[in-house]
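Remember, predicted model here, so these are calculated numbers, not experimental data. For the numbers below, each heavy atom of this structure counts, side chains included, while hydrogens, waters and symmetry mates do not.
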Amino acid sequence: MRLIFLGPPGAGKGTQARILAERFGARHVSTGDLLRDHRERKTALGIEAQSFMAKGALVPDDLMIRMLDAELADTASFILDGFPRTIVQADALGEFLTKRNLPLDAVLSFDLPREELIARLTGRWTNPRTGRSYHERYDPPIHAGVDDDDGGPLVQRGDDMLEVVEQRLVAYESMTSPLVSYYEAKGLLVHIDGTRSAERVTDQILDELAHSGVGKGAPGSQNHSAPHCCGLQH
Ligand code: AP5
Ligand code: MG
């Protein structure tokens, strides 16, 4: 399985990628989580990326492409969450996958209105160790401030402050949203209604994948009966 999850900040990419990757035994590659890990470890990349991330801007393409090439070198089954984010990154990914004869199965584009994105980001709490996200109203942990899985502390991301969120939305509109038509033209795009509950979003994704045969034979692919709707184009 090779999927891209495309969508604005707060659209639910990470929430869904985590569920789907576990279900299908694919690797969840979140460039945001990778960058935050570099920043935590104070690597050269983390130090360079920090100033861009803190103000809600995109990290330069050459750094991102190098990081992704290294990350994907030994994997053929993945969900990309947060990459590509520019046409340059998308072209580089295309070349990388073509060389390895690993075509993409689909690009899932999460659609949500701006007010909902802001509500989701400003109410988000994250386990910085695992990247799992909660929401104070929509998906609270059992005990406030503590991860249900490992009991670790939950924190609010610095870039979830309203001023930075607004910059991230601007960056998405200007740099990333052109990828919707880029992948539409390649016949890979599937629209996902991100406004529904997390469970219903997962169901829509599973329906789309099952209908098109993506992930067939992977662990977890038998557990969902797919009706007949809205297929992926190939
Ligand atoms: P990154 O970490 O990728 O942030 P993002 O794309 O802005 O997206 P988020 O992680 O904020 O949102 P999400 O869609 O994952 O939503 P989530 O599932 O958490 O990137 C951070 C920064 O790194 C960038 O700004 C940039 O600087 C840099 N960067 C990363 N990749 C880069 C690249 N390729 N090029 C250049 N720079 C790059 O959900 C959000 C909230 O909603 C949570 O609280 C969750 O619990 C809740 N929620 C989820 N689904 C639902 C639902 N269906 N109903 C109700 N609540 C829900
Ligand atoms: Mg995320």
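Two residues are said to be in side-chain contact when any heavy atoms from C-beta on lie closer than 4.5 Å; Ile4 and Leu93 meet this criterion. Looking at Arg114 and Glu166, their side chains come closer than 4.5 Å, going by heavy atoms from C-beta outward. Side-chain atoms of Gln16 and Phe110, non-hydrogen and from C-beta on, do get closer than 4.5 Å to each other. Contact check for Arg27 versus Glu71: side-chain heavy atoms found under the 4.5 Å cut-off. Residues Ile87 and Leu179 have side chains in contact (heavy-atom distance under 4.5 Å, counting atoms from C-beta outward). Annotation: side chain of Pro9 is not in contact with side chain of Val165 (no heavy-atom distance under 4.5 Å). By the 4.5 Å heavy-atom criterion applied to side chains, Asp160 and Arg168 are counted as neighbours.
Annotation for Arg36 and Met53: closest pair CG-CE, 3.8 Å, computed over non-hydrogen atoms. Minimum interatomic distance between Pro84 and Leu6 (heavy atoms only, all atoms of both residues): O-CD1, 4.2 Å. In plain terms, the two heavy atoms of Val59 and Ala49 that are nearest each other are CG2-CB, 3.9 Å. Here the shortest heavy-atom pairing between Leu188 and Asp105 reads CD2-O, 3.7 Å. Nearest approach of Ile79 to Ala26, heavy atoms of both residues: CG1-CB, 4.5 Å. Taking all atoms of both residues into account, the shortest heavy-atom contact from Leu169 to Leu117 is CD2-CD1, 3.8 Å.
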Note to self: Working note: Arg157 + Arg124, criterion side-chain contact (heavy atoms from CB on, under 4.5 Å); need CA distance, chi angles, decisive distance, verdict.
What the structure shows: CA-CA 8 Å; Arg157 273 170 44 181; Arg124 173 167 61 182; 3.2 Å; yes
Checklist line | Pair Leu209-Leu20, side-chain contact (heavy atoms from CB on, under 4.5 Å): steps then yes or no | finding: CA-CA 11 Å; Leu209 297 180; Leu20 273 286; 3.9 Å; yes
Margin query: Apply side-chain contact (heavy atoms from CB on, under 4.5 Å) to residues Leu206 and Arg23 and explain how you reach the verdict.
Written below: CA-CA 10 Å; Leu206 290 171; Arg23 184 160 185 143; 3.5 Å; yes
Item checked: CA sep, side-chain torsions, deciding dist, call: Leu104, Leu80, side-chain contact (heavy atoms from CB on, under 4.5 Å) -> CA-CA 11 Å; Leu104 284 169; Leu80 292 182; 5.5 Å; no
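Ile47 belongs to no hydrophobic cluster, as no Ile, Leu, Val, Met, Phe, Trp or Tyr side chain comes under 4.5 Å of its own.
Applying the 6.0 Å contact sphere to CG of Asp74 captures more than 12 heavy atoms from other residues, nucleotides or ligands. In this structure, Arg200 places its CZ atom where only 12 or fewer heavy-atom neighbours from other residues, nucleotides or ligands lie under 6.0 Å away. Counted within 6.0 Å of CD on Gln156, heavy atoms from surrounding residues, nucleotides or ligands total more than 12; the atom is thus considered enclosed. For CD of Gln50, the number of neighbouring non-hydrogen atoms (other residues, nucleotides, ligands) closer than 6.0 Å is greater than 12.
Contacts classified as salt bridge (Lys or Arg N to Asp or Glu O under 4.0 Å) and involving residues 131-145 (residues at least two apart or in different chains) are given here: Arg132-Asp149.
A salt bridge between Glu116 and Arg120 is present, with a side-chain N of the basic residue lying under 4.0 Å from a carboxylate O of the acidic one. Salt bridge absent: Glu40 and Arg129 never bring a charged side-chain N and a carboxylate O closer than 4.0 Å.
Side-chain atoms of Tyr134 and Asp147 include a donor-acceptor pair closer than 3.5 Å.
Annotation: cation-pi geometry satisfied between Lys186 and Tyr182 (NZ/CZ under 6.0 angstrom from ring centroid, within 45° of ring axis).
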